[in-house]
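By convention in this document, chain letters (A, B, ...) are assigned in the order of the sequence lines, proteins followed by strands, and residues within each chain are numbered from 1. Excluded from the calculations below are hydrogen atoms, water molecules and symmetry mates; all remaining heavy atoms, backbone and side chain alike, are included.
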There are 2 protein chains.
Amino acid sequence: MFQGEYTNNMDDKGRVNIPASFREVLLKNYDDPSIVVTRDPYAPCLRAYPQREWKRLLTKVLARSSNDRAVIAFKRTVVSSAQEYAPDKQGRVLIPQNLRDYANISKGTVFVGSLDTFEIWDVSAWEAQLASSLSLLQDMDLDF
Amino acid sequence: MFQGEYTNNMDDKGRVNIPASFREVLLKNYDDPSIVVTRDPYAPCLRAYPQREWKRLLTKVLARSSNDRAVIAFKRTVVSSAQEYAPDKQGRVLIPQNLRDYANISKGTVFVGSLDTFEIWDVSAWEAQLASSLSLLQDMDLDF
DNA sequence: CGGTTAGTGGGTAAAAGTGGGTAGCTTATT
DNA sequence: AATAAGCTACCCACTTTTACCCACTAACCG
């Protein structure tokens, strides 16, 4: 399971290192180092799926009527941008320009574990998000 | 499965390069590099079908009563414009003028994977579409 | 302190994408 | 029917991008 928060730097070529602990989860729990990266439609960040989780999501999508407007919109935003990446020998992946733009990633990059997926944020966007999530939680008083 | 988003430029002769990863899907999953390109009736873009998917669609159309008004309209818009294209040695296809006009494609061209087909957009039309799909999704709250 | 592992930077060969010339076909014109 | 004009497919050459490899630094751990 992906958990924890790690900050890595994207280099000039657009490559970022996947945190070692996430790579380990991919290998141990999923037997496959490659991931699918897409836009997250609900926040300005990217979401990375292990292959198996991505396929699970796709079967759910395909089960729905294909001319459902929401399904079309989902395909356009999420499936469209989905691309499979195998990390290089150093454990890095190349994030393409369109996804970098979407998540506003320039250099400082934050990897955030989210159990069966993980998120990729620009560092300042992440800080903003974190602050607002915190204050939201404080108002809601969940009894965890 | 076609997924991912790629931007290529159409040259002065009207040729665009099919992204390498899509060509690979055509060869690997469909054993046939050629595609059928038509108008997409629901959005100002073109839709490319692998031969097999196109035939599947046609059998569905033929199963319907041929004087169904929707079927007639479908034939007029989609079937009429459907044409088969085999990429040249460099992996490019020539998009004819009438289809270019329909999708407003002049130079910057975006290829958008949509699982068993892919879409071809003008770059600025695509950006507009993406933005509206995003806001649609945020309102709808799909539980994917 | 040495050794190991994570993270970073950069060179280079291959692949993907782009531009343009030319021959051959189709279509138009006299 | 012959010639001209335009289009298209094919070929070759060039540029850009990406994948892969190697080397270095910094952090962690015994």
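- Residues I35(B) and V78(B) do not share a hydrophobic cluster, clusters being chains of Ile/Leu/Val/Met/Phe/Trp/Tyr side chains in contact below 4.5 Å.
- Nucleotide dT18(D) holds its P atom 11 Å from the CG atom of N8(B), rounded to whole Å.
- N17(A) comes within 4.0 angstrom of a nucleotide base, judged by non-hydrogen atoms across all strands.
- For the 3.5 Å distance criterion, the side chains of R39(B) and T77(B) fail to qualify, holding no donor opposite an acceptor.
- Each of dG9(C), dG21(C), dT8(C) was ranked by its minimum atom distance to the side chain of K13(B); first place goes to dG21(C).
- Whole-Å rounding puts the K107(B) NZ to dG19(C) C1' distance at 10 Å.
- For Y49(B) and F118(B), the gap between ring centers reaches or exceeds 6.0 Å.
- Between R23(B) and dG17(C) there is a side-chain N or O to OP1 or OP2 distance below 4.0 Å.
- Across the protein-nucleic acid pair, Q97(A) atom CD and dT16(D) atom P stand 16 Å apart, rounded to whole Å.
- Spacing between atom CD of Q83(A) and atom C1' of dA16(C) amounts to 13 Å, rounded to whole angstrom units.
- Checking dG7(C), dT18(C), dG10(C) against the side-chain heavy atoms of R92(A) singles out dG10(C) as nearest.
- With dG21(C), dC21(D), dC12(D) as the choices, the nucleotide that has an atom nearest any side-chain atom of Q90(B) turns out to be dC12(D).
- Linking ILVMFWY residues whenever their side-chain heavy atoms come closer than 4.5 Å, directly or via other members, leaves W126(A) and Y6(A) in distinct clusters.
- For the pair D88(A) CG and dT12(C) P, the interatomic distance rounds to 18 Å; values are reported in whole Å.
- Residue contacts for N9(A): at a heavy-atom cut-off of 4.0 Å it reaches the sugar-phosphate backbone alone, with no base atom in range.
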